[in-house]
Amino acid sequence: MDSLLDFTDKTAIITGAANGFGKRLAIELSKRGCNLVLSDINQAGLDDTIKNLASPDKACALMGDVSVEANSKKLVDLAISKFGSLNIAVNNAGIAHEMAAIHELTESIFDSQFAVNVKGVAFGMKYQIPAMLLAGHGHILNISSLAGLGGAPKAGAYVAAKHAVTGLTKTAAVEYARYNVQVNAICPFFSPTNIMDVDGLNTKEARAMLAKGSPMKRLGDPQEMVNVMLLILSPGNTYMNGQTIAVDGGVTAW
């Protein structure tokens with residue numbers, strides 16, 4: 001195996017691992033020897049992910065809501081008790097909301113967006129970072145969005161939450177770089193995973209319209225996003241830090 005993609009003896013936490021990016025990333029890391037601690041609110045989905053791993057015996061799962069601080073601690077404790085250390089954390093769990101202009105957004109929409117998309121990342125890092133400090137190194141990858149780099153009409157609460165993820169990523173990167181803990185984020189363009197199963201995004205017509213917004217005139221394939229995640233997390237990627245990488249078919253080039 002190429003050393004740049006050899007994750008043998010590394011241990012990774014992945015949230016939102018029951019489907020979408022999280023499930024695909026778990027499968028790819030398992031092929032490359034990684035120990036996995038997986039989390040989601042969907043136990044059946046977690047079970048299915050583990051069934052599809054190359055090495056199910058090198059993985060464990062814990063159902064839980066990332067917006068609850070105690071669950072982030074439990075995941076890190078599980079990683080250390082099961083595998084001895086924590087090297088990688090992918091804070092992937094996230095939710096979207098139905099399309100709504102700013103004046104239509106409700107308190108409950110903001111509450112749910114910040115509970116899952118922001119607190120989930122913040123609490124995750126709160127417990128992941130001390131474990132990585134003990135190990136002497138680590139890499140955290142937060143899943144933001146192109147909406148974390150610019151505006152997105154009718155997605156105001158999601159935009160606000162993903163901008164917060166971008167800010168948390170950069171802040172943590174600066175705080176812990178001297179301790180050999182890297183913190184980066186990926187900012188995908190629209191990619192057809194379960195997060196897009198909301199009104200305004202879930203029809204063929206709506207997705208065709210969204211595709212026109214990319215110079216490549218298509219949505220991103222989920223596997224394309226996961227491939228970039230693998231490259232960012234590569235054991236050979238030791239100097240990238242505090243970056244928010246757009247994977248967008250060229251949208252931000254316009």
Chi angles and distances behind the side chain to side chain contact (heavy atoms under 4.5 Å, CB included) call for Ile13, Ile88: CA-CA 6 Å; Ile13 287 174; Ile88 296 167; over 6 Å; no

Indicate yes or no: at least one non-hydrogen side-chain atom of [X] is less than 4.5 angstrom from one of [Y].
| X | Y | value |
| --- | --- | --- |
| Val247 | Phe189 | no |
| Leu86 | Met132 | yes |
| Arg24 | Ile27 | no |
| Ser39 | Asn71 | no |
| Val116 | Val66 | yes |
| Lys162 | Thr166 | no |
| Pro222 | Ser191 | yes |
| Phe110 | Leu105 | yes |

Asp48 and Lys23: CA distance, side-chain angles, deciding distance, salt bridge (charged side-chain N to carboxylate O under 4.0 Å, His left out) verdict: CA-CA 9 Å; Asp48 187 67; Lys23 180 175 184 174; 2.4 Å; yes

Ion pair check, Glu224 and Arg218, cut-off under 4.0 Å: yes

Residues Lys73 and Glu69 bridged, charged N to O under 4.0 Å: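 Glu69 and Lys73: not salt-bridged.
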
Side-chain ([X]) to main-chain ([Y]) donor-acceptor, under 3.5 angstrom:
| X | Y | answer |
| --- | --- | --- |
| Ser55 | Lys58 | no |
| Glu28 | Leu230 | no |
| Asn35 | Thr11 | no |

Distance, nearest 0.5 Å, that separates CZ of Arg32 from CG of Leu233: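 Here the interatomic distance stands at 11.5 Å.
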
Distance (rounded to the nearest 0.5 Å) between Glu175 CD and Met125 CE: 8.5 Å

N/O donor to acceptor pairs below 3.5 angstrom from side-chain atoms of residues 134-143, sequence neighbours left out:
unit_1 : atom_1 : unit_2 : atom_2 : d
His139 : NE2    : Asn184 : ND2    : 3.0
Asn142 : OD1    : Asn91  : ND2    : 2.9
Asn142 : ND2    : Thr169 : OG1    : 3.0

Contact summary for Gly213 and Trp254, nearest pair of heavy atoms: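 For Gly213 and Trp254, the tightest heavy-atom pair comes out as O-CZ3, 3.3 Å.
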
Closest approach of Val159 to Ala152 (non-hydrogen atoms, all atoms of both residues): CG2-CB, 3.5 Å

